[in-house]
Amino acid sequence: MSTAPNRRAVAVILLIPLIVTLALWTFAWPAARIAPRDLPVGVAGPAAAAQQLEQRFEQRDGAFDVHRYDDEAEARTAIEDRTVYGAVVVTPQGPHLLTASAASPVVSQLLREAVTASAPEGATVRVTDVVAAPPGDPRGSVLGASMLPLALAGMAAGAVVTLLGLRGTRAALTLVASASLAGVAVTAIAHSWLGAFAGDWWAEAGALTLTVLAIGSVVAGLATLFGPRGIGLGALLMVLLGNSFSGVTSAPQLLPEPVGTIGQLLPPGAGGSLLRSVAFFDGSAAGGAVLTLALWSLAGLAAVLFVRRTPTSTPEAPTAPAREPALTG
């Protein structure tokens with residue numbers, strides 16, 4: 001009896017729990033450990049009062065990265081430039097909290113709770129949402145849910161290009177065209193239909209296109225380098241790690257280290273940050289994300305265009321010696 005089928009069955013039995021464990025770790029662990037870690041916040045107002053407030057933030061060691069501003073106008077500008085997630089302005093009437101729910105509804109709620117808890121007894125905390133999430137998506141659910149479909153779209157583009165045997169320029173053009181159509185389609189749904197985005201329509205489409213292109217070109221490039229196994233490697237890198245470490249549903253600074261940093265270096269995380277910048281902040285702080293996505297795209301397309309993978313040759317089966325014709329008398 002051949003043992004090969006039995007070995008394959010044992011491999012599947014062991015592989016499935018391993019995959020489930022890895023997926024649970026990548027998705028559940030960061031979600032279960034959400035907490036502020038060097039979260040940029042601002043403090044503004046008279047020097048003495050602002051210093052006391054800053055010290056309260058710094059009492060939570062490593063939780064907040066406090067920026068000082070002279071007045072409310074400077075603090076608002078910092079929020080609009082995505083330098084900080086929010087700011088507390090000290091006023092004679094009490095603390096005035098400035099938030100940006102478009103940057104992260106989770107962070108906005110966290111700042112509300114933290115400032116309210118530290119406010120003097122009986123003081124009323126006034127809250128102003130400087131950059132509010134659009135009415136069509138007040139909780140940021142659409143943007144948070146968009147990264148997984150984008151990652152799957154990029155995965156599908158890279159895998160299909162590989163399985164259809166497309167190579168060179170034809171493969172690169174196919175990846176660019178499919179990413180462009182995906183970007184336009186998602187923008188039409190999220191911006192025009194759902195009203196979940198509030199920025200420039202074509203800038204949002206460009207951000208989505210670049211995100212899908214980066215993912216798809218990397219998958220196709222890995223498949224060019226390593227064969228069909230590269231598709232699985234791309235799925236691990238872009239979907240399992242990239243999507244779960246992206247921080248798009250909360251904020252990168254709320255994820256355990258180094259998960260938040262790693263996520264922003266992968267296309268899903270960089271794509272989420274870029275989309276948030278162009279959809280709500282007029283492109284502020286988008287440069288790093290654009291550079292990350294462009295580098296991934298160029299690396300993947302370079303592999304598709306210039307790497308020629310030679311198929312492995314299988315040894316030919318030995319041919320049976322020809323039988324000599326029987327002699328007839």
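Note that the numbering runs from 1 along the sequence shown for the chain.
- Salt-bridge check for R37 with E257: failed, with every basic side-chain N at 4.0 Å or more from each acidic carboxylate O.
- Across all non-hydrogen atoms, the minimal contact from A205 to T187 is CA-OG1, 3.2 Å.
- Here the side chain of R276 pairs a donor or acceptor atom with the backbone of V248 at under 3.5 angstrom.
- With hydrogens and angles ignored, the 3.5 Å screen pairs a side-chain donor or acceptor of E204 with a backbone N or O of G199.
- Between T128 and the choices H96, E72, R76, the side-chain hydrogen bond (donor to acceptor under 3.5 Å, both in side chains) rule is met once, by H96.
- Within the 4.5 Å cutoff, the side chain of Y85 has no heavy atoms near those of the L254 side chain.
- Annotation for A87 and A75: closest pair CB-CB, 3.8 Å, computed over non-hydrogen atoms.
- Here CZ of F197 is found 4.0 Å from CG of L275. Values are rounded to the nearest 0.5 Å.
- No side-chain donor-acceptor contact under 3.5 Å links Q55 and Q59.
- Connection of L111 to V106 is established within a shared hydrophobic cluster, with ILVMFWY side chains joined at heavy-atom distances below 4.5 Å, either directly or through further cluster members.
- Checked by atom type, the side-chain pair S244/W29 shows no donor-acceptor distance below 3.5 Å.
- Atom CG of D38 sits in a crowded spot, with more than 12 heavy atoms from other residues, nucleotides or ligands closer than 6.0 Å.
- Here the shortest heavy-atom pairing between D137 and V142 reads OD2-N, 2.9 Å.
- Among all heavy-atom pairs drawn from A171 and V304, the shortest one is CB-CG1, 3.5 Å.
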